[in-house]
Amino acid sequence: MTDLDMLKKITGESDEDLLSLLLAMAEEKVLSLTGRTRMIYPLKPSVRDWAVAAYNRMGTEGETSRSGGGISAVFAEIPKDIEEIIKRYRLGRVNGHAYEKKPDEDILPEETEDRKE
């Protein structure tokens with residue numbers, strides 16, 4: 001199942017252009033926060049989760065809090081659980097440069113399972 005299909009099921013939204021845009025924006029933010037230039041497998045769920053959070057916040061952009069009818073809500077730029085995962089994969093910098101693995105060094109979970117056989 002693709003990220004777009006997952007987002008459609010989670011949100012109930014059928015506008016694929018909107019969901020694709022939310023996924024792209026979430027990916028840009030995650031890459032920016034981690035200092036990476038390309039997405040790695042462990043960060044994919046965070047991108048989906050952030051896209052869902054962005055979908056749920058549509059119409060409340062720019063608000064930091066809201067109250068009415070005895071109910072108050074405080075909005076965070078990024079949900080705490082997503083932020084904690086992203087922090088684990090931030091690249092350290094040495095002399096202003098972040099070093100990433102080359103693409104051929106990446107191992108996806110599916111590849112590791114195949115090698116165990």
Side-chain angles (χ1 to χ4, degrees):
M1 181 178 287
T2 67
D3 291 341
L4 185 60
D5 291 335
M6 286 183 194
L7 216 56
K8 285 167 77 173
K9 287 203 178 290
I10 292 168
T11 62
E13 178 66 52
S14 60
D15 186 350
E16 290 187 7
D17 291 336
L18 172 64
L19 296 177
S20 294
L21 178 63
L22 291 173
L23 281 168
M25 290 170 61
E27 184 170 328
E28 287 174 2
K29 289 178 181 180
V30 168
L31 289 174
S32 174
L33 288 172
T34 58
R36 296 178 179 276
T37 57
R38 59 189 172 69
M39 187 55 54
I40 59 171
Y41 181 80
L43 288 170
K44 297 287 277 178
S46 295
V47 170
R48 283 192 306 267
D49 291 345
W50 201 336
V52 169
Y55 177 81
N56 290 333
R57 286 208 52 203
M58 287 177 56
T60 61
E61 293 88 349
E63 289 187 42
T64 55
S65 64
R66 170 188 287 192
S67 43
I71 298 173
S72 63
V74 177
F75 302 109
E77 171 63 25
I78 176 173
K80 203 67 164 163
D81 57 331
I82 298 172
E83 183 180 20
E84 292 301 319
I85 293 169
I86 290 171
K87 282 182 180 179
R88 289 185 215 153
Y89 294 98
R90 284 187 5 210
L91 293 177
R93 294 193 166 279
V94 177
N95 293 329
H97 183 76
Y99 294 91
E100 290 182 84
K101 287 183 178 180
K102 294 178 185 168
D104 61 339
E105 293 174 316
D106 285 338
I107 299 173
L108 296 176
E110 300 85 37
E111 293 175 4
T112 10
E113 290 173 8
D114 293 340
R115 290 182 183 165
K116 289 180 182 177
E117 295 175 19

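For S32, the side chain to side chain donor-acceptor pair (under 3.5 Å) test picks out no residue, with sequence neighbours left out. By the side chain to side chain donor-acceptor pair (under 3.5 Å) test, T2 is found to be paired with D5, residues two or more places apart in sequence or in another chain being considered.
Note on residues 9-18: pairs passing salt bridge (charged side-chain N to carboxylate O under 4.0 Å, His left out), not counting sequence neighbours, are K8-E16.
Hydrophobic cluster membership differs between L21 and V30, with clusters built from Ile, Leu, Val, Met, Phe, Trp and Tyr side chains linked at under 4.5 angstrom. M25 and M58 sit in two unconnected hydrophobic clusters of ILVMFWY residues. Membership requires side-chain heavy atoms under 4.5 Å apart, directly or through other members.
Hydrophobic cluster of M1: the remaining members, joined at side-chain heavy-atom separations below 4.5 Å, are M6, listed by chain and number.
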With a cut-off of 3.5 Å and sequence neighbours excluded, list every side-chain donor-acceptor pair involving residues 82-91.
none

Show which side-chain atoms of residues 46-54 pair as donor or acceptor with protein atoms under 3.5 Å away, not counting sequence neighbours.
unit_1 : atom_1 : unit_2 : atom_2 : d
R48    : NH1    : D3     : OD1    : 2.7

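Note that the CG atom of L43 and the OG1 atom of T34 stand 6.0 Å from one another [nearest 0.5 Å]. The OH atom of Y55 sits 9.0 Å away from the CG atom of L7 when rounded to the nearest 0.5 Å.
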